[in-house]
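In what follows, every chain begins at residue 1, and chains take the letters A, B, ... in the order their sequences are listed.
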2 protein chains.
Amino acid sequence: MSGKTVLIVDDEPAIREMIAVALEMADYDCMEAADAREAHALIIDRQPDIILLDWMLPGSSGIELARRLKKEETTADIPIIMLTAKVEEDNKIRGLEVGADDYITKPFSPRELVARLKAVLRRATPPGIDNPIEVDGLILDPSSHRVTANNSSLNIGPTEYRLLQFFMTHQERVYTRSQLLDQVWGGNVYVEERTVDVHIRRLRKALGEQHDYLVQTVRGAGYRFSTQPA
Amino acid sequence: MSGKTVLIVDDEPAIREMIAVALEMADYDCMEAADAREAHALIIDRQPDIILLDWMLPGSSGIELARRLKKEETTADIPIIMLTAKVEEDNKIRGLEVGADDYITKPFSPRELVARLKAVLRRATPPGIDNPIEVDGLILDPSSHRVTANNSSLNIGPTEYRLLQFFMTHQERVYTRSQLLDQVWGGNVYVEERTVDVHIRRLRKALGEQHDYLVQTVRGAGYRFSTQPA
DNA sequence: TAACCTTGTCACATAGTTGTAACACTGGGG
DNA sequence: CCCCAGTGTTACAACTATGTGACAAGGTTA
């Protein structure tokens, strides 16, 4: 569900494995690296969403790597969580100074790890300042997650909401079922194309007679959201 | 001009005096306490607007007192600034974890003290925050820490109170469980997201049939506080 | 210390959502 | 006019998200 990818950097295979298992159970994708060089390559190549970085690393130390990543523009805003053994507590502060977003002291429980990782990711992704969109009296307000018409809010499911939001931000243009699946469902799901039809149907129903004309079928091509009647 | 009252808690009379003089020149009213017990009594009795709390206190330590204050609902939202000697730097983090709003390292200049105190007060006191908030006959009064409906006060726990207060000051907007944990529980606490559901449940129950409609579920998104029925 | 409250989790109950299949309808080409 | 690909519509079983009551741990009060 989260789909976030996590890079685990630690020279102990056992620890990497332990972490990977915990994270995969929480539905994260994991990559592993044993040293700074390998880590760096993976970061450039695969662009993880967050990095778990061991303080002690052979060769270039973890803190070196962190500093380097925070300097390079392309990697500067990937959050980093430092892993430190408790003997090294003093390093906490230095770690944070270098730009780490959090630190976790070994040993730690899987639950704590997941919780803090989640917290860091949350902070790193501030919610956009979405303004309401209005079309012909139909209002979609992202901040309250509400769709309103005639001063009363519509009962609309999550998928239909996303679909409508996509349409309202991409009006007057035809999208194939395939494109809609990519945009609204997310690129990596396997769903029948006909499923789109069903959700279109549900959306139209939710919009009611007054607004269902906005969702238009383009035979042989796909669907379009337009204020101009077909 | 400010009229704000400041409680200074430090076992060194000289330091208390120094601080008090500095603050009075900046037009704050000062109270002083030499230990945790005395401090606690004054806090209950005189309700200061902000507390300057020395880390090292005879008897119960400053951090103990801070933790206690943040737990009790009548004192939870009084801002606390921790005073720490620089040798104790590690404590910064622990201090903040306990819920302190800032820390200042001794020695500090009076000017710095006043500046940071002002900053904390500004953050902690959005305009008119201690005025009661009323929604559809439901009244939350921060000054008495009470929630009232139909002229009788509701039996509501500390967490539910904070949750309700957050909602009433942030109406008409969806918050994810994650965000609520950040805002209501505090950023550095690690609890299951489902715990939010349970407290939502408790809050609804406390509100009773007449008002529980205000707390709305937004499937797949989170919760929302709104006078407008879902 | 005992009675009591608060809190975070769990397990189970309930309710809302989703993707598919099956069938009905539609329009345009032959 | 018939046929058929393309689309509309409905039903439904699996799945997921949320509601709910119970409980143990920890803390507080009397």
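Atom CG of A:Asp197 is separated from atom C1' of C:dA22 by 14 Å (rounded to the nearest Å). Regarding A:Glu193, its CD atom lies at a distance of 16 Å from the P atom of D:dA5, rounded to whole Å. Taking atom CD of residue B:Gln216 and atom P of nucleotide D:dT18, one finds them 14 Å apart after rounding to whole Å. Atoms CD1 (B:Ile200) and P (C:dG8) sit 13 Å apart, rounded to a whole Å. Rounded to an integer number of Å, the gap from OH of B:Tyr161 to C1' of C:dC5 is 19 Å. To the nearest angstrom, P of D:dT7 lies 18 Å from CG of A:Asp212. Atom pair A:Tyr190:OH and C:dG19:C1' shows a separation of 11 Å (rounding to whole Å applied).
Residues that satisfy the side chain to side chain donor-acceptor pair (under 3.5 Å) test with A:Ser153, not counting sequence neighbours, are absent from this structure. With sequence neighbours excluded, the residues satisfying side-chain contact (heavy atoms from CB on, under 4.5 Å) with A:Phe166 are A:His170, A:Tyr175, A:Leu180, A:Gln183, A:Val184. Residues satisfying the ring-ring contact (aromatic ring centres under 6.0 Å, His included) criterion with B:His199, sequence neighbours excluded, are B:Trp185. Annotation: side chain to side chain donor-acceptor pair (under 3.5 Å) contacts of A:Asp182 (sequence neighbours excluded): none. Listed by chain and residue number, A:Pro132, A:Glu134, A:Thr148 satisfy the side-chain contact (heavy atoms from CB on, under 4.5 Å) test with A:Ile139 (two or more places apart in sequence, or in another chain). A:Ala221 pairs by the side-chain contact (heavy atoms from CB on, under 4.5 Å) definition with A:Val174, A:Val218, not counting sequence neighbours. A:Asn150 is linked by a side-chain contact (heavy atoms from CB on, under 4.5 Å) to A:Gln210, counting only residues two or more places apart in sequence or in another chain. Residues satisfying the side chain to side chain donor-acceptor pair (under 3.5 Å) test with A:Tyr223, not counting sequence neighbours, are A:Arg177, A:Asp197. Among residues two or more places apart in sequence or in another chain, the side chain to side chain donor-acceptor pair (under 3.5 Å) test is passed with B:Ser226 by A:Arg146, B:Glu172.
Out of C:dG19, D:dG8, C:dC10, the shortest distance to the side chain of B:Glu192 is found at C:dC10. Of the listed nucleotides (D:dG19, D:dT7, C:dT9), D:dG19 has the atom at the smallest distance from the side chain of B:Thr217. Side-chain atoms of A:Arg162 lie closest to C:dT18 of the nucleotides C:dT18, D:dG8, C:dG8. Side-chain proximity of B:Thr195 to the nucleotides C:dG19, C:dA11, C:dT9 is greatest for C:dT9. In this structure, of D:dG8, C:dG19, D:dT20, it is C:dG19 that holds the atom nearest to the side chain of A:His199.
Within 4.0 Å of A:Tyr223, counting heavy atoms only, lie sugar-phosphate atoms of the nucleic acid but no base atom. When heavy atoms are screened at a 4.0 angstrom cut-off, B:Arg194 is found touching base atoms of the nucleic acid.
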Could you pull out the protein-nucleic contacts involving nucleotides 14-17 of chain C (nitrogen or oxygen on both sides, under 3.5 Å)?
unit_1, atom_1, unit_2, atom_2, d
C:dG16, O4', B:Arg219, NE, 3.4
C:dG16, O4', B:Arg219, NH2, 3.4

Give me, pair by pair, the N or O atoms of the protein and of nucleotides 12-14 of chain D that are less than 3.5 Å apart, along with how far apart they are.
none

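In terms of phosphate contacts, B:Trp185 brings no side-chain nitrogen or oxygen within less than 4.0 Å of OP1 or OP2 of C:dT7.
Across residues 172-184 of chain A, A:Arg177 each have a non-hydrogen atom less than 4.0 Å from an atom of DNA chain D (numbered order).
A side-chain donor-acceptor contact under 3.5 Å links B:Thr169 to the backbone of B:Gln165. With hydrogens and angles ignored, the 3.5 Å screen pairs a side-chain donor or acceptor of B:Thr5 with a backbone N or O of B:Asp49.
Position along DNA chain D of the nearest nucleotide to B:Ala221 versus A:Val218 favours A:Val218 as the more 5'-ward residue.
In terms of heavy-atom proximity, B:Arg16 sits nearest to B:Ala33 at CD-O, 3.6 Å.
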